[in-house]
Novice: 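Here's a structure for you.
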Amino acid sequence: MNSAGGRAGHGFPPPDTGLVIAAFMDVLANDEMVEPDTDFFDAGGNSVLAGRLVARVARTFGMKIKLKDVFTYRTPDELAGRLHELSRAPARPR
């Protein structure tokens with residue numbers, strides 16, 4: 001597990017931006033198209049929905065991120081990049 005608790009260094013491919021866009025659209029539940037550079041909060045996200053996005057990432061991609069990651073990596077491109085970083089991080093001993 002990596003520092004965020006996700007699976008890292010075990011050959012799991014990180015999700016691409018398109019999959020993160022789908023997660024954003026599902027959590028935001030609006031009809032507006034989410035682009036790779038769409039800011040989660042500008043698109044209607046809030047702290048409750050950010051928590052849902054964290055849960056969705058864990059459920060869909062098998063990777064745990066922190067709530068602060070959604071506030072820091074606010075676009076699908078940025079969050080996909082963060083997930084890629086986490087997937088490449090060496091596993092930390094328990």
Novice: Supply the atom-to-atom distance Tyr73 OH to Arg82 CZ, rounded to the nearest 0.5 angstrom.
Specialist: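 Going from OH on Tyr73 over to CZ on Arg82, the span is 4.5 Å.
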
Novice: Does the ring centre of Phe41 sit less than 6.0 Å away from the ring centre of Phe71?
Specialist: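 Here the rings of Phe41 and Phe71 have centres that are less than 6.0 Å from each other.
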
Novice: Closest approach of Ala22 and Arg56, non-hydrogen atoms and distance?
Specialist: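 What the structure gives for the nearest pair is O-NH1, 4.3 Å.
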
Novice: Could you tell me which non-hydrogen atom of Glu32 sits nearest to which non-hydrogen atom of Met25, and how far apart they are?
Specialist: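 That would be O-CE, 4.0 Å.
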
Novice: Quick check: does any side chain N or O of Ser87 sit under 3.5 Å from a backbone N or O of His84, one acting as donor and the other as acceptor?
Specialist: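 Side chain of Ser87 to backbone of His84, a donor-acceptor pair under 3.5 Å: yes, one is there.
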
Novice: Mind checking what makes salt bridge (charged side-chain N to carboxylate O under 4.0 Å, His left out) contact with Asp37, not counting sequence neighbours?
Specialist: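 Counting only residues at least two positions away or on another chain, Asp37 forms no salt bridge (charged side-chain N to carboxylate O under 4.0 Å, His left out).
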
Novice: Measuring from atom OG1 of Thr72 to atom NZ of Lys68, what distance do you get when rounded to the nearest 0.5 angstrom?
Specialist: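 Interatomic distance, Thr72 OG1 to Lys68 NZ, rounded to 0.5 Å: 6.5 Å.
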
Novice: Group every Ile, Leu, Val, Met, Phe, Trp and Tyr by side-chain heavy-atom contacts under 4.5 Å, then state whether Met33 and Leu49 land in the same group.
Specialist: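 Linked, Met33 and Leu49 end up in one cluster.
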
Novice: Mind listing the closest non-hydrogen atom pair of Val54 and Leu67 along with its distance?
Specialist: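 So the two residues come closest at CG2-CA, 3.8 Å.
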
Novice: So, taking the atom named CZ in Arg74 and the one named CG in Leu79, what distance separates them when rounded to the nearest 0.5 Å?
Specialist: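 Interatomic distance, Arg74 CZ to Leu79 CG, rounded to 0.5 Å: 12.5 Å.
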
Novice: Determine the sole option in Val27, Asp26, Val20 for which the side chain to side chain contact (heavy atoms under 4.5 Å, CB included) test with Phe24 is passed.
Specialist: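 Going through Val27, Asp26, Val20 one by one, the side chain to side chain contact (heavy atoms under 4.5 Å, CB included) with Phe24 is satisfied by Val20 alone.
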
Novice: Grab the two heavy atoms, one from Asp69 and one from Ile65, that are nearest each other, plus how far apart they are.
Specialist: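 Reported closest heavy-atom pair: OD2-CB, 3.4 Å.
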
Novice: Identify, with sequence neighbours excluded, every residue that meets side-chain contact (heavy atoms from CB on, under 4.5 Å) alongside Thr17.
Specialist: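 Thr17: side-chain contact (heavy atoms from CB on, under 4.5 Å) contacts with Ile21, Pro36, Pro76, Asp77, Ala80.
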
Novice: Checking side chain to side chain contact (heavy atoms under 4.5 Å, CB included) against Phe40, which of Val34, Thr75, Leu28 comes through?
Specialist: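 Filter result, single survivor: Leu28.
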
Novice: Write out all pairs satisfying salt bridge (charged side-chain N to carboxylate O under 4.0 Å, His left out) with one or both partners inside residues 40-52, taking only residues at least two apart or from two chains.
Specialist: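 Sorted result for residues 40-52: empty, none.
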
